[in-house]
Amino acid sequence: MTINSNPTPSVKHSMRNKQRGASTVDVMIASAFIIGALVLTILLYPRIVASKNLGSFQVDAATISSATERWKKARSNYTGVSIPVLCAQNILPKDGTICGSANNGTNTNSYGGNWTVAPASNPGLYTVTGTLPNDPDVIAELADAMAPTTRGNCQSATGCSTLSTTATGVSMTY
């Protein structure tokens, strides 16, 4: 009687099939994780974009406000201030984010709208306006976010005398 140290062909075949099944389960689990991550990313994308736009709007408004105050220097008031003036005097960065290609603030805010700055009814103050032609549904949230930055330092847009909204824009007085 000779003992064959090699397993029989049926045993070898049986072991291979078990390993193939385990490999398939591993691939299915990995695929489920990848698909889950992809679905989560797709579902969160609108919120991420909305947060980015809000943050960019706030930063741009603060940049315009700072540039306007630097423009005033020793002038008695803000008469004559505008985005084209701030861009022409290189007070606002000419990297295209606020001034734009025409140096006039057109179509340069994060919502696809325009930036303007002008003296307020009291020329010792100025008003920065951002339009939102592509996303008017966010005006209320944006106004509440901007209210504390205005001259009135309001807690919300409701009842804030230094912030006003229209159907397509927000005006902030500083």
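No experiment lies behind these values; they were computed from the predicted model shown.
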ask   = Taking a hydrophobic cluster as the set of Ile, Leu, Val, Met, Phe, Trp and Tyr residues connected by side-chain heavy atoms closer than 4.5 Å, whether directly or through intermediates, do I48 and L40 fall within one such cluster?
value = yes
key: Shortest non-hydrogen separation from T108 to C99 and the atoms involved   = CG2-C, 4.2 Å
note = In terms of heavy-atom contacts, C154 and S161 come closest through SG-N, 4.4 Å
Main-chain N/O of N107 paired to N114 side chain as donor or acceptor, under 3.5 Å = yes
task = Mind checking the CG-OG1 spacing from N134 to T168? Nearest 0.5 Å is all I need.
result = 10.5 Å
note = Residues S156 and D144: closest non-hydrogen pair is CB-OD1, 3.5 Å
query = Just how far is it from atom CD1 of I98 to atom OG1 of T63, taken to the nearest 0.5 Å?
reply = 4.5 Å
message = With a 4.5 Å cut-off on side-chain heavy-atom distances among I, L, V, M, F, W and Y, is there a chain of contacts connecting W115 to I91?
response = yes
inquiry  = Could you measure the distance from the CG atom of L92 to the OG atom of S66? Nearest 0.5 Å is fine.
reply    = 9.0 Å
key: Test log, rule side-chain contact (heavy atoms from CB on, under 4.5 Å), inputs Y174 and T68   = CA-CA 10 Å; Y174 300 92; T68 303; over 6 Å; no
key: Stepwise side-chain contact (heavy atoms from CB on, under 4.5 Å) check, N122 with Y78   = CA-CA 9 Å; N122 171 353; Y78 292 100; over 6 Å; no
query = More than 12 heavy atoms of other residues, nucleotides or ligands under 6.0 Å from CD of Q155: is that the case?
reply = no
ask   = Same hydrophobic cluster for L125 and V85, using side-chain heavy-atom links shorter than 4.5 Å among ILVMFWY?
value = no
Short side-chain donor-acceptor distance under 3.5 Å, Y126 and S65 = yes
query = Name the one of T131, T127, T129 that satisfies side chain to side chain donor-acceptor pair (under 3.5 Å) with S171?
reply = T129
inquiry  = If I take atom CG from residue D135 and atom CD from residue E141, how far apart are they, to the nearest 0.5 angstrom?
reply    = 9.5 Å
inquiry  = Tell me whether L163 shares a hydrophobic cluster with L54, the cluster being built from Ile, Leu, Val, Met, Phe, Trp, Tyr side chains joined at under 4.5 Å.
reply    = yes
inquiry  = Just by distance, no angles: are the side chains of T150 and T162 close enough, under 3.5 Å, to form a donor-acceptor pair?
reply    = yes
query = If we only count heavy atoms from C-beta on, is the N104 to P84 side-chain gap below 4.5 Å?
reply = yes
note = In V128, V59, T116, N109, the residue satisfying side chain to side chain contact (heavy atoms under 4.5 Å, CB included) with I64 is V128
query = If you take all heavy atoms of P123 and T79, which pair is closest and at what distance?
reply = CB-OG1, 3.7 Å
ask   = What pair of heavy atoms forms the shortest contact from A143 to T165, and how long is it?
value = CB-CG2, 3.6 Å
message = Run the side-chain contact (heavy atoms from CB on, under 4.5 Å) test on V49 and Y45 for me, step by step, so that the C-alpha distance in whole Å, both residues' side-chain angles and the decisive distance to 0.1 Å come before the verdict.
response = CA-CA 6 Å; V49 170; Y45 182 75; 3.4 Å; yes
request  = Specify the closest pair of heavy atoms between A167 and P136, including all atoms of both residues, with the distance to one decimal.
outcome  = O-CB, 3.4 Å
query = With the 4.5 Å side-chain cut-off for hydrophobic clustering, are I35 and L43 part of the same group?
reply = yes
